[in-house]
Enquirer: 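Starting off with a structure, shown below.
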Number of protein chains: 2
Amino acid sequence: MKKDVSTEQKIKDAARKVFMTKGFSGCTTREIAKSVGINVALLNYYFRSKGKLFELILEAALSDFVDSMVEVFKQDLPLESKTRMLIDKEFEFLRKHPELPLFIHAGLNQESDAELDQSNFLGRLHKTGIFEECEKAQEEGSMRKVNMINVTLLFMSNCHFPIMSKKLICGIYQIDNQEHEARLNEHQEIVKEMLINYLFPNTNKHA
Amino acid sequence: MKKDVSTEQKIKDAARKVFMTKGFSGCTTREIAKSVGINVALLNYYFRSKGKLFELILEAALSDFVDSMVEVFKQDLPLESKTRMLIDKEFEFLRKHPELPLFIHAGLNQESDAELDQSNFLGRLHKTGIFEECEKAQEEGSMRKVNMINVTLLFMSNCHFPIMSKKLICGIYQIDNQEHEARLNEHQEIVKEMLINYLFPNTNKHA
DNA sequence: ACTTATTTTAAACAAATGTTTAAAAATGAC
DNA sequence: GTCATTTTTAAACATTTGTTTAAAATAAGT
C-alpha cells in the first residue's frame, strides 16, 4: 500500500500544475491522467469527478495564499516592518507561483456558487490580531484611517497584479523576460515605499 | 442585404459577451450561436473558426483599453490633472466592463503565441506625447523619476485589480454587492491620492 | 495458500464539440 | 420573372470529453 508518494498525492500535484496553467475547462481529465502516468478512470476512483478535483485544488491554492499572509501577521514586529515584510514575502511567494493569482480569479469566476468561506479565511486572519493592531494604530494616529478592506485591496493590487500582468506588459512594451524581471524588482521597492508613505504618513522618510 | 444590425456584428456582440464571462474554452460555438439566434454553421461562415473569432474579440478588447487611455493622454491639462482624470476614467470604464481585465489576462495566457503588438499599442500611446511629457516633468523635478513601465504598472494595478477581484474580496470579507460598491468608490479616491502623492511629491497636499 | 479488499486498467458509453457539406431561402441584377 | 449570388439552415462527421463498467492486477488478512 505504501509508495514513495501516494497515487492520490501524485494526481493532486499533476492536477494542480495543469489546472494552474490551463484553467478548468482548458484541460482534460485525460491530460491530467497522462501527466501522472495513470489511467483516466483512476482519477474518478480517487476524486469523484473533474469538478470535485478542481474544487480541491482551488481551495488549496486559496489556503496557500492566506497562509503566507498569516505567517507575516503573526510576527512580533512594528506595523511598518510587518508591511515591508508582507510585501517582500508576497513578491517572493508570487515569483515562485506566478500563475496563482490568475488561476484563483478565473477559478472563482468559473464556479458560480463559490463557497469561498468554507475554509474560514477571514477567521484565520482575525486570529492573528492584525485587525485590532491596525485599529489601534489608526486611533493613535500612526496609521491612516482606511477601511481594512481597502487596505487589503491596496496590498493585493500592488503585489498580485504586477505578477499576473507579465504577458500584457511584455506584449505592450515589447520587452523580454529579463527586462521584465528588472522592472519587477524595482516595482517591489516602489510599492513598499508608496504604501508605507501612504499608510504611515507621519513616519520620517529616508529621502 | 441591409439589416438594422448586420449578422456579422450581432455575432461579434454575442461572442464578446459570452467569451468575456466564460472564457475561450469555457463556452461552445453553439452557445454563442444560440444567443444570437442563428445556426452554428453561420459562425464559421463569417469567421473561419472559434479560435479566429476569439482572437478578433480579444484584440478589440485590448484596443478598447488603449483607446480609453489615449483619450485622456491627449487632453491638454497639467500632468497631475491628467493623472486624476485617468484614474477616474479607468474606474468609470471598468465599472461598465468589469469582466474585461480578467478576460484579457486569461485570454493572453490561452494564446501561447500572443501576437500582441499587431495593433501597435505602444505606438498609439507614444503618439499622444505622454512619454515626453513625463520625461520633461521628471527632469524638472515635478514628477518622481520612475520608469514608465513601472508607472504603467502602478496605474493598472490600482485600477484594474480592485475591479477584477470582486468575487475574491466579497468571498473573503463576506460582504454583498452594495458594500463592495461602497469600498470601490472609496478606493477610487484612495488610489488617486496615493498615486498623486507618490508620483508628484512636491505638490501641496490638500490635508 | 486462500480469501478478501484495494488499486489499476482497458474498453465502452453517451453526450458534447468544432467543423463541414449540401441544400434551401433570401436577395440583387437584369 | 429568371438567373446568379449571398445568406442561412439542417444534418452529418469525426473527435473529444467526462464518466462508468467490468475485469485484471496487486496488496492485506488470516
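Values below: all heavy atoms of this structure, side chains included; hydrogens, waters and symmetry mates excluded. For clarity, every value in this text was computed on a predicted model and none was experimentally measured. Naming: A, B, ... by sequence-line order, numbering from 1 per chain.
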Enquirer: State whether A:T29 places a side-chain N or O below 4.0 Å from either non-bridging phosphate oxygen (OP1 or OP2) of D:dG18.
Expert: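 For D:dG18, OP1/OP2 do have a side-chain N/O of A:T29 under 4.0 Å.
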Enquirer: Is there a side-chain contact between A:L199 and A:E80 (heavy atoms, below 4.5 Å)?
Expert: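 A:L199 does not reach A:E80 side chain to side chain.
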Enquirer: Check whether any side-chain nitrogen or oxygen of A:T7 sits under 4.0 Å from OP1 or OP2 of C:dT8, and answer yes or no.
Expert: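 So the side chain of A:T7 is within the cut-off, an N or O lying under 4.0 Å from OP1 or OP2 of C:dT8.
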Enquirer: Between B:E139 and B:K136, is there a side-chain N and carboxylate O pair less than 4.0 Å apart?
Expert: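 Judged by the 4.0 Å cut-off on N to carboxylate O distance, B:E139 and B:K136 do not form a salt bridge.
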Enquirer: Return the residues of residues 35-43 of chain A meeting this criterion: a heavy atom under 4.0 Å from some atom of DNA chain C. Order them by number, or give none.
Expert: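 Contacting residues: A:I38, A:N39, A:A41, A:L42.
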Enquirer: In whole angstrom, what separates B:F47's CZ from C:dT19's P?
Expert: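 The distance from CZ of B:F47 to P of C:dT19 comes to 13 Å, rounded to the nearest Å.
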Enquirer: Can you figure out which of C:dT19, C:dA12, C:dT6 approaches the side chain of A:R30 most closely?
Expert: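 Of the options given, the side chain of A:R30 lies nearest C:dA12.
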Enquirer: What residues form a ring-ring contact (aromatic ring centres under 6.0 Å, His included) with A:F93, not counting sequence neighbours?
Expert: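 So A:F93 forms a ring-ring contact (aromatic ring centres under 6.0 Å, His included) with A:F65, A:H97.
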Enquirer: A:E90 side chain to A:M156 main-chain N or O, any donor-acceptor pair under 3.5 Å?
Expert: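 Answer holds: no.
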Enquirer: If you check every side-chain atom of A:Y46, which of C:dT7, D:dT19, C:dT20 has the closest atom?
Expert: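 Nearest to the side-chain atoms of A:Y46, counting from C-beta on, is C:dT7.
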Enquirer: Is a side-chain donor-acceptor pair under 3.5 Å present for B:R124 with B:S119?
Expert: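 Short answer, no.
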Enquirer: Taking CD in B:E181 as the centre, count heavy atoms belonging to other residues, nucleotides or ligands within less than 6.0 Å. Is the count above 12?
Expert: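 Atom CD in B:E181 is not crowded, with 12 or fewer foreign heavy atoms closer than 6.0 Å.
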Enquirer: Please write out each protein N/O paired with an N/O of nucleotides 14-16 of chain D under 3.5 Å, distance rounded to 0.1 Å.
Expert:
none

Enquirer: Flag the pair A:R16 and A:D64 as a salt bridge only when some basic side-chain nitrogen lies within less than 4.0 angstrom of an acidic carboxylate oxygen.
Expert: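 Salt bridge flag = yes for A:D64 with A:R16.
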Enquirer: Only one of B:R183, B:R95, B:E92 passes side chain to side chain donor-acceptor pair (under 3.5 Å) with B:Q188; say which it is.
Expert: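 That would be B:R95; it is the only one of B:R183, B:R95, B:E92 passing the side chain to side chain donor-acceptor pair (under 3.5 Å) with B:Q188.
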Enquirer: Could you please name the option among C:dT6, C:dT19, D:dT19 that lies closest to any side-chain atom of A:K50?
Expert: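 So the side chain of A:K50 is nearest to D:dT19.
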